[in-house]
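Below is one structure, written out as structure tokens; comments come after it.
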There are 2 protein chains.
Amino acid sequence: MILLSTITKEPMPANPVTLIDVAKAAGVSPITVSRALNEPHLVKPATLAKVQEAVKLTGYVKNMLAGGLASSRSKLVALVLPTISTQTFADLVQGATDRLTAAGYQLLLGIVGYETWREEILVETILSRRPDGIILTGSLHTDSTRQRLLQIGTPVVEAWDLTPHPIDMAIGFSHEEVGHMCAQHLLKQGYRRFAILTANDPRAGQRTQGFQVAIAKHGASVIASHVVQAPGALPQGRLGAIKLLDEHPELDAIFCSSDTLAHGVLIEAQSRGLRVPQDLAIMGFGDLNFSEYTNPPLSTVKVDGAKIGALSAQALLDRLAGGGDSAPAERVVNTGFELIQRGST
Amino acid sequence: MILLSTITKEPMPANPVTLIDVAKAAGVSPITVSRALNEPHLVKPATLAKVQEAVKLTGYVKNMLAGGLASSRSKLVALVLPTISTQTFADLVQGATDRLTAAGYQLLLGIVGYETWREEILVETILSRRPDGIILTGSLHTDSTRQRLLQIGTPVVEAWDLTPHPIDMAIGFSHEEVGHMCAQHLLKQGYRRFAILTANDPRAGQRTQGFQVAIAKHGASVIASHVVQAPGALPQGRLGAIKLLDEHPELDAIFCSSDTLAHGVLIEAQSRGLRVPQDLAIMGFGDLNFSEYTNPPLSTVKVDGAKIGALSAQALLDRLAGGGDSAPAERVVNTGFELIQRGST
DNA sequence: CTGTTAGCGCATTCAC
DNA sequence: GTGAATGCGCTAACAG
């Protein structure tokens, strides 16, 4: 026992088993082992079997640090998000993950919040891993971030919203259009006294912006607005509604920057005995199809986060499969969104 | 223009700028650059400045693949989760991320769902990146996964629940105890006709188990139970409630495996005009402090996902700081949980 | 405080 | 189908 613990004290390397050990055990050369593991079809079945057995025997675990260094393909994709506490972003992660793992890639996750400078240093760190691709959400990137990305030449997808001048590729939808469409929908239903309840993130701002512009065009007015910390959760929704309704009892519609906030508003409305949507209309945004299950169901704008994630991953994979010779494609994909109207109005 | 495109066609290496280039530009040796970047305090301020300038000049980006290979420290921590579409798990990711990035580590994220075999192959892939530490959620690992982990010797934290024999370290709480405590709480309030609405994930199963055992001990009975696909979302909660209440109108309490499910049940209860908690008690589980903002507020068991994530990360960092010489500590931390009683009962 | 030597573990040429 | 030589970019261990 004493002897054992003495032995284990030595600074034994993490995993002593290398390709060479496997090669010896299998009676072949290292490169053959490498091929057997990475391109089995280039190896005679017999030797393949020998190698596989040797791998099991030795307990070999491939070293992608070394592999990546030698081949300059890390099989890593980085994903940068402001938060994952939002259903849509969680879905986006899920969608991207599914697609990437299926293709043998792994995900490096960066969560940066909504402060630009954090993204900047994170991107720097990420690049040091030499990922084969990067998925960024939003496009509030500083100039130096853009420069860096362009300089390195790693394929980049800007997901979640659309930008006129993507760094490389962009996959998402227009947040301003969302606001626009919501405004028109509510106006058509006859609502006229609007409030906005929004989280303070840039994209929510774009939706709000679109909403306000459209409302103004029709001569109606946004009476009040309340901004909460991003990502707005249900409590902020309810608290925000309290504030808005207390100060402006005449409101007949509240436009929220997320379904979660909308749900909070609904709860408060119910508490006050307001009928939704007769007395008060509430509009959300997101992909929480659960807004169908609230009582009453809420109208909302539906966005498919998983799809955006999957498409983003796929765009990177396509580029990578292309041998890397394809120059920036300026590929822009509008994934669109859907206005879901629920209830009688 | 033609010339340019011809030039860019060449298989130019991803980032030609290496430490050596920086060293030349700064007029020092490569190792000095390395130190200037990684251990600035070991370098004279003057040369440090020269190096930093050279870095900017050349646009150098550090290569952690090479660095990790040479030093066998990847500065990478892997996190394996069944899903991130659960508030608590999202919080866990956030908590771990915060702690890790503060310490200069990056997060490799694996999402495996609830199938054991997926975890097994994912762990294999993860190990090939030579992470400095691994955070696993739950402890339903196959034997070969355990073996592998032990063999490699990478520090491992099993987070989220407690296991009698952790692979290395465990940080979480007892899910059976949660069920136990909920049962006692409800019994004390006088409820007697229970139903269970649970997602089919192992930990939820443990809570359910604890609940049932405690109920049985008191001679009360669990009349019905309904299992939904993990992770249970709000729709499944409402649909589950419909089924349970239709088939068993006599129910006076429903124990849910998550707050989200509980919320769905609440909505259905309200639809039916049931008073909560007078006619029907609903218990949730999770950390959604938003259950305080439902109307009426729901009683629940509160778990701090962010804390668990942060503690797990910290445990790994402690181990790593220890120089790696400390053998498996069998460290087990019970983070506990809290029963939150809301409403008059 | 800084430089020299050596090698981390693998994949990319080519040969055979 | 398989093997031999070379280098990816960096850091450990020593020396000065």
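Proteins come first, then strands; the chains are lettered A, B, ... in the order of their sequence lines, and each starts at number 1.
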Practice problem: Examine C:dT2: is either OP1 or OP2 under 4.0 Å from a nitrogen or oxygen in the side chain of B:Ser29? Give yes or no. | Solution: no
Practice problem: Round to the nearest Å and state the distance from A:Met64 atom CE to C:dC8 atom P. | Solution: 21 Å
Quiz item: Starting at CD1 of A:Ile20 and ending at C1' of C:dC10, how long is that distance when rounded to a whole Å?
Solution: 9 Å
Quiz item: Taking NZ from B:Lys24 and P from C:dG3, how many angstroms apart are they, rounded to a whole number?
Solution: 15 Å
Exercise. Show your reasoning for whether salt bridge (charged side-chain N to carboxylate O under 4.0 Å, His left out) applies to A:Lys307 and A:Asp91.
Key: CA-CA 8 Å; A:Lys307 179 177 158 194; A:Asp91 288 348; over 6 Å; no
Quiz item: Partners of B:Thr32 by side chain to side chain contact (heavy atoms under 4.5 Å, CB included), sequence neighbours excluded?
Solution: B:Val28, B:Ser29
Exercise. Rounded off to whole Å, could you give me the CD1-to-P distance for the B:Ile31 and D:dT11 pair?
Key: 7 Å
Quiz item: Looking across every strand, which nucleic acid part, if any, lies under 4.0 Å from A:Leu19 by heavy atom: base, sugar-phosphate, or nothing?
Solution: sugar-phosphate
Exercise. Could I get the full list of side-chain hydrogen bond (donor to acceptor under 3.5 Å, both in side chains) partners for A:Glu53, not counting sequence neighbours?
Key: none
Self-check item: B:Thr32 vs C:dG3: side-chain N/O to OP1/OP2 distance below 4.0 Å
Solution: yes
Practice problem: Go through the N and O atoms of the side chain of A:Arg35 and the base of D:dG3, and report whether any donor-acceptor pair is under 3.5 Å. | Solution: yes
Side-chain donor-acceptor contacts of residues 101-112 of chain A below 3.5 Å, not counting sequence neighbours, with atom names and distances?
| unit_1 | atom_1 | unit_2 | atom_2 | d |
| --- | --- | --- | --- | --- |
| A:Thr101 | OG1 | A:Thr97 | O | 3.1 |
| A:Thr101 | OG1 | A:Asp98 | O | 3.3 |
| A:Gln106 | OE1 | B:Arg129 | NE | 2.9 |
| A:Gln106 | OE1 | B:Arg129 | NH2 | 3.3 |

Quiz item: Can you check whether B:Asn38 has a side-chain N or O nearer than 4.0 Å to OP1 or OP2 of D:dT11?
Solution: yes
Exercise. Please report, rounded to the nearest Å, how far the C1' atom of D:dT11 is from the CD atom of B:Glu39.
Key: 10 Å
Quiz item: CG of B:Leu69 versus C1' of D:dA12: gap in Å, rounded?
Solution: 13 Å
Self-check item: Below 4.0 Å: OP1/OP2 of C:dG9 and any side-chain N or O of A:Thr18
Solution: no
Self-check item: Non-neighbouring partners of A:Arg99 that pass salt bridge (Lys or Arg N to Asp or Glu O under 4.0 Å), sequence neighbours left out
Solution: none
Quiz item: Side-chain N or O of A:Arg73 less than 4.0 angstrom from OP1 or OP2 on C:dC10?
Solution: no
Quiz item: What integer distance in Å separates A:Leu127:CG from D:dG9:P?
Solution: 16 Å
Exercise. Measure the distance from CG on B:Leu65 to P on C:dC8 and round it to the nearest whole Å.
Key: 18 Å
Quiz item: Would you say A:Val61 and B:Ile152 make side-chain contact, with heavy atoms under 4.5 Å?
Solution: yes
Practice problem: Select from B:Ala70 and B:Leu42 the residue whose nearest nucleotide in DNA chain C is closer to the 5' end of that strand. | Solution: B:Leu42
Quiz item: Which parts of residues 43-58 of chain A get close to DNA chain C, meaning a heavy atom less than 4.0 angstrom away?
Solution: none
Quiz item: With A:Thr47, which residues qualify under side-chain hydrogen bond (donor to acceptor under 3.5 Å, both in side chains), at least two apart?
Solution: none
